[in-house]
Q: 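Provided herewith is a single structure, encoded as structure tokens, for subsequent inquiry.
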Amino acid sequence: MRPHHTLTGPPDAPVLVLGNSLGTTTALWDDQLPALVRHFRVLRYDHRGHGGTPAAPGPYRLDDLADDVLELLDTLGLARVSYAGVSLGAMVGMWLAGHAPERIDRLVLCCTTAAFASARPWQDRAAAVRAAGTESIARQAVSRWFTPDFVAANPDVVGKFETMVSTADDEGYASCCDALAALDLRSVLPAIEAPTAVVAGKHDVATPPEHQRLIADAVPGAVLHTVEAAHLANVEAADDVTRILLDHLAAR
Ligand SMILES: O=C(O)CC1=CCC(=O)O1
């Protein structure tokens with residue numbers, strides 16, 4: 001299905017696609033947008049059941065979420081783009097760069113993994129959301145996305161992300177958890193041809209830094225950066241991540 005999307009920036013600039021984490025919307029990238037649109041036409045989109053994209057019947061596999069992006073690129077006539085993603089959005093980026101290398105120019109993978117140690121937490125979260133809705137897990141989920149110091153200093157930001165999770169479609173969110181439970185991208189990493197930067201949040205408990213180390217070791221030529229943040233590093237360490245994005249994507 002074709003996802004809800006926004007296009008911002010000069011029509012003749014190279015296109016950069018931004019992929020969101022589980023439970024978030026295109027607003028995830030608000031801190032980066034002003035700097036990115038000076039260099040790129042920025043294409044932001046919402047996963048199924050998130051933001052403005054309706055939920056297709058689940059369960060989903062990562063292939064479904066990546067096919068949605070390919071359909072969007074085809075519809076917009078975009079043969080080749082750069083791609084940056086956070087967590088689930090970066091998993092989609094790995095899938096695209098590994099399965100359709102001719103479509104991805106340069107790649108940034110933030111706070112993500114190629115495979116979780118266990119499917120169980122995602123199966124449990126999908127079951128909890130199907131039973132009691134996204135509202136029931138929003139506070140607990142978001143509590144892992146930021147460091148305690150950031151939470152204490154930025155209650156409004158934390159509240160904004162709790163609202164994003166609470167307003168995600170229950171079945172769409174649960175079906176994305178199904179995709180995480182089945183995730184295994186390890187075999188596609190060596191096939192990635194796009195120059196790749198990997199970003200780790202030093203305090204990320206959702207996808208700890210050793211997961212990004214594994215990705216950086218497996219993707220040919222990938223460079224690893226570590227920032228002072230938890231899972232949503234592009235929010236908590238916004239300026240550092242913006243600089244990494246521009247250095248890797250815009251300085252050609
Ligand atoms: O929601 C979480 O707890 C962490 C996460 C895993 C994949 C994703 O996008 O976020």
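We count ligands from 1, going down the list as the structure has it; atoms in each ligand are counted the same way. Keep in mind it's a predicted model, so treat the numbers as computed, not measured.
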Q: Do ligand 1 and R125 have nitrogen or oxygen atoms that lie under 3.5 Å from each other?
A: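 Checking ligand 1 against R125, an N or O pair does fall under 3.5 Å apart.
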Q: Around atom CZ of R61, are there more than 12 heavy atoms of other residues, nucleotides or ligands at under 6.0 Å?
A: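 12 or below, so no.
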Q: Give the atom numbers and elements of ligand 1 that come within less than 4.0 Å of a heavy atom of A206.
A: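 So the answer, numbered in order with elements, is 4 (C).
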Q: Go through the side-chain N and O atoms of S21 and H231 and say whether any donor and acceptor fall under 3.5 Å apart.
A: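 Checked: S21/H231 side chains show no N/O donor-acceptor pair below 3.5 Å.
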Q: Please list, in number order, the atoms of ligand 1 under 4.0 Å from a heavy atom of L88.
A: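 Near L88, the atoms of ligand 1 are 8 (C), 9 (O).
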Q: Nearest to atom 9 (O) of ligand 1, what protein heavy atom do you find, and at what distance?
A: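 Going by distance alone, atom 9 (O) of ligand 1 is nearest to L22 N, 2.7 Å.
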Q: Taking the side chain as every heavy atom from C-beta outward, state whether P3 and E71 have any atom pair closer than 4.5 Å.
A: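 No - every pair of side-chain heavy atoms lies 4.5 Å or more apart.
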Q: Report the part of Q140 in contact with ligand 1, treating N, CA, C, O as backbone and CB onward as side chain, heavy atoms under 4.0 Å; options are side chain, backbone, both, neither.
A: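 Q140 to ligand 1: no contact under 4.0 Å from either part.
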Q: Could you work out, for atom 8 (C) of ligand 1, the closest of S87, C176, A141 by heavy-atom distance?
A: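 Answer by nearest heavy atom: S87.
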Q: Check the angle between the aromatic planes of H50 and H47 and answer parallel, tilted or perpendicular using the 30° and 60° thresholds.
A: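 Correct class here is perpendicular.
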Q: Between the side chains of T113 and H211, does any donor sit under 3.5 Å from an acceptor?
A: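 The criterion, which ignores hydrogens and geometry beyond distance, is satisfied for H211 and T113.
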Q: Which atoms of ligand 1 are found less than 4.0 Å from any heavy atom of S21?
A: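 Every atom of ligand 1 under 4.0 Å from some heavy atom of S21: 9 (O).
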Q: Which atoms of ligand 1 are found less than 4.0 Å from any heavy atom of W145?
A: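 Near W145, the atoms of ligand 1 are 1 (O), 2 (C), 3 (O), 4 (C).
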Q: With only distance considered, is L180 within less than 3.5 Å of ligand 1 through an N or O on each side?
A: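 Not met; the criterion fails.
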Q: May I ask you to check whether over 12 heavy atoms, not counting those of R80, lie within 6.0 Å of atom CZ?
A: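 Yes, because the 6.0 Å sphere around CZ of R80 holds more than 12 heavy atoms from other groups.
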Q: Does the side chain of T112 come under 3.5 Å of the side chain of Q212 through a donor N or O and an acceptor N or O?
A: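 No.
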Q: Return yes or no for this condition: an N or O of W122 is under 3.5 Å from an N or O of ligand 1.
A: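 Between W122 and ligand 1 (N or O atoms, distance only) the closest approach is not under 3.5 Å.
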